[in-house]
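I have placed the structure first, in the form of structure tokens, so that the comments after it can refer back to it.
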Amino acid sequence: MNNHRNDRLGLGWLGSVGVLLALVALWWVASNAGWVSRVFLPTPQATFASLLEGLNLSSGNSGNGELLAFTQATVGRMVEGWLLASLFGVLLGAAIGVSPAVRAWVQPTLEFIRPLPASALLPLAISIFGLNPGMVLFVVAFGAMWPVLLATVHGFAAVEPRLSEVARCLQMSRTAYIWKMGLPNAMPDILAGMRLALTIALIVAVVGEMIASQSGLGQAILLAARAFRASDLFAGIVLLGLIGFVSNALLAFAEKRLLRWQQP
């Protein structure tokens with residue numbers, strides 16, 4: 001059974017790498033054959049050179065290192081917003097999810113606010129906080145909180161009713177019930193919401209940097225586009241993809257470790 005599963009995982013990885021290589025090959029052919037002007041579509045080698053130079057990894061050590069500083073700013077903003085969103089999302093979700101009455105009162109309001117795009121709130125946040133890093137952090141945390149909040153509410157609402165009866169028989173406090181019974185059962189939903197929230201945090205952080213002119217990859221990509229520096233533009237996009245891939249892989253690994261008790 002394990003060997004068969006490992007074989008499937010290996011084939012999956014090979015297929016993923018094959019698709020990626022095919023896309024890079026198509027990109028190489030399109031840019032080098034002149035299908036698309038290099039003003040808009042640089043070659044992969046030019047993008048890679050800009051990436052190395054921006055990260056200060058070029059062989060001659062002549063890179064400016066700007067992309068490295070921009071990446072650190074974006075990742076820091078994404079992680080801070082995601083941590084705040086996870087904290088408040090779990091706390092509010094647990095408070096709402098354990099009470100059917102509160103769920104009935106609050107659910108319509110949550111469904112009304114949830115579809116609002118975080119980027120649409122940027123003008124409001126700018127008018128309240130001004131153009132500063134705190135404003136972007138607020139918008140990132142607000143936008144990323146909803147997947148965690150709704151997943152936590154669903155996870156607590158789906159707890160086996162007999163566990164609530166056992167908690168009443170044992171005269172457990174509400175806090176003890178949440179910590180010992182509700183949270184472990186809701187953890188799969190919470191972790192799934194946190195993975196989605198991390199992606200949203202990255203997207204909102206980049207949009208906030210573009211609109212609010214805050215240092216980060218969003219601002220770097222916008223400035224590169226305005227200056228028609230296609231290779232720098234694509235280098236920033238590649239970095240965003242790498243950030244998303246690595247962060248999702250780390251959370252998937254953490255989720256697998258935390259939910260080992262569910263595996264047969």
Side-chain angles (χ1 to χ4, degrees), residues 23 39-42 47 50-51 54-55 65-90 92 110-151 192-252:
L23 290 175
V39 175
F40 306 106
L41 183 66
T47 300
S50 295
L51 187 61
L55 295 177
E66 287 185 350
L67 271 183
L68 182 59
F70 288 146
T71 301
Q72 291 173 345
T74 299
V75 171
R77 196 169 284 122
M78 174 190 73
V79 172
E80 290 176 5
W82 175 72
L83 289 175
L84 287 174
S86 299
L87 175 62
F88 286 101
V90 171
L92 292 175
L110 294 180
E111 292 299 328
F112 174 78
I113 299 177
R114 178 182 63 86
L116 294 176
S119 57
L121 298 177
L122 276 169
L124 176 62
I126 291 173
S127 65
I128 296 175
F129 299 100
L131 289 173
N132 56 65
M135 181 275 299
V136 180
L137 181 61
F138 167 79
V139 177
V140 171
F142 178 84
M145 181 184 69
W146 295 100
V148 183
L149 173 60
L150 296 176
M194 290 175 67
R195 287 180 65 181
L196 179 58
L198 189 59
T199 302
I200 294 176
L202 176 59
I203 295 172
V204 178
V206 172
V207 174
E209 290 165 356
M210 290 180 174
I211 295 178
S213 298
Q214 296 297 310
S215 177
L217 285 175
Q219 185 187 54
I221 290 173
L222 184 62
L223 293 177
R226 289 175 176 174
F228 292 96
R229 301 195 310 268
S231 59
D232 294 339
L233 169 65
F234 273 71
I237 293 174
V238 169
L239 267 179
L240 287 178
L242 289 174
I243 292 171
F245 176 80
V246 171
S247 59
N248 183 73
L250 290 175
L251 269 187

Exercise for review: Kindly indicate, with the supporting measurements, whether the criterion side chain to side chain contact (heavy atoms under 4.5 Å, CB included) is fulfilled by Leu239 and Leu55.
Suggested key: CA-CA 10 Å; Leu239 267 179; Leu55 295 177; 4.2 Å; yes

So, taking the atom named [atom1] in [X] and the one named [atom2] in [Y], what distance separates them when rounded to the nearest 0.5 Å?
{"X": "Met78", "Y": "Leu137", "atom1": "CE", "atom2": "CG", "result": "12.5 Å"}
{"X": "Ser247", "Y": "Leu242", "atom1": "OG", "atom2": "CG", "result": "10.5 Å"}
{"X": "Leu51", "Y": "Ile237", "atom1": "CG", "atom2": "CD1", "result": "12.0 Å"}
{"X": "Phe245", "Y": "Leu240", "atom1": "CZ", "atom2": "CG", "result": "15.0 Å"}
{"X": "Leu150", "Y": "Leu196", "atom1": "CG", "atom2": "CG", "result": "10.0 Å"}
{"X": "Leu233", "Y": "Ser50", "atom1": "CG", "atom2": "OG", "result": "10.0 Å"}

Check whether any side-chain N or O of [X] sits under 3.5 Å from a backbone N or O of [Y] as a donor-acceptor pair, and report yes or no.
{"X": "Trp82", "Y": "Leu202", "result": "no"}
{"X": "Thr74", "Y": "Thr71", "result": "no"}
{"X": "Arg77", "Y": "Val206", "result": "no"}

Given side chains that start at C-beta, do those of [X] and [Y] come closer than 4.5 Å, heavy atoms only?
{"X": "Thr199", "Y": "Arg195", "result": "no"}
{"X": "Ile243", "Y": "Leu217", "result": "yes"}
{"X": "Leu149", "Y": "Trp146", "result": "yes"}

Quick one: closest heavy-atom pair of [X] and [Y], and the distance?
{"X": "Ala144", "Y": "Ala197", "answer": "O-CB, 3.1 Å"}
{"X": "Ala141", "Y": "Ala85", "answer": "O-CB, 3.4 Å"}
{"X": "Phe40", "Y": "Phe234", "answer": "O-CE1, 3.4 Å"}
{"X": "Gly218", "Y": "Glu209", "answer": "N-OE1, 2.9 Å"}
{"X": "Ser86", "Y": "Met194", "answer": "OG-CE, 3.7 Å"}
{"X": "Val136", "Y": "Ala212", "answer": "CG2-CB, 4.0 Å"}

Check your understanding: Above 12 or not: heavy atoms from other molecules or residues under 6.0 Å from CZ of Phe129?
Key -> yes

Exercise for review: Might you work through the side chain to side chain contact (heavy atoms under 4.5 Å, CB included) test for Val75 and Gln72, ending with a clear yes or no?
Suggested key: CA-CA 5 Å; Val75 171; Gln72 291 173 345; 6.0 Å; no

Review point. Taking only residues two or more places apart in sequence or in another chain, which ones pass side-chain contact (heavy atoms from CB on, under 4.5 Å) with Val246?
Key: Leu250

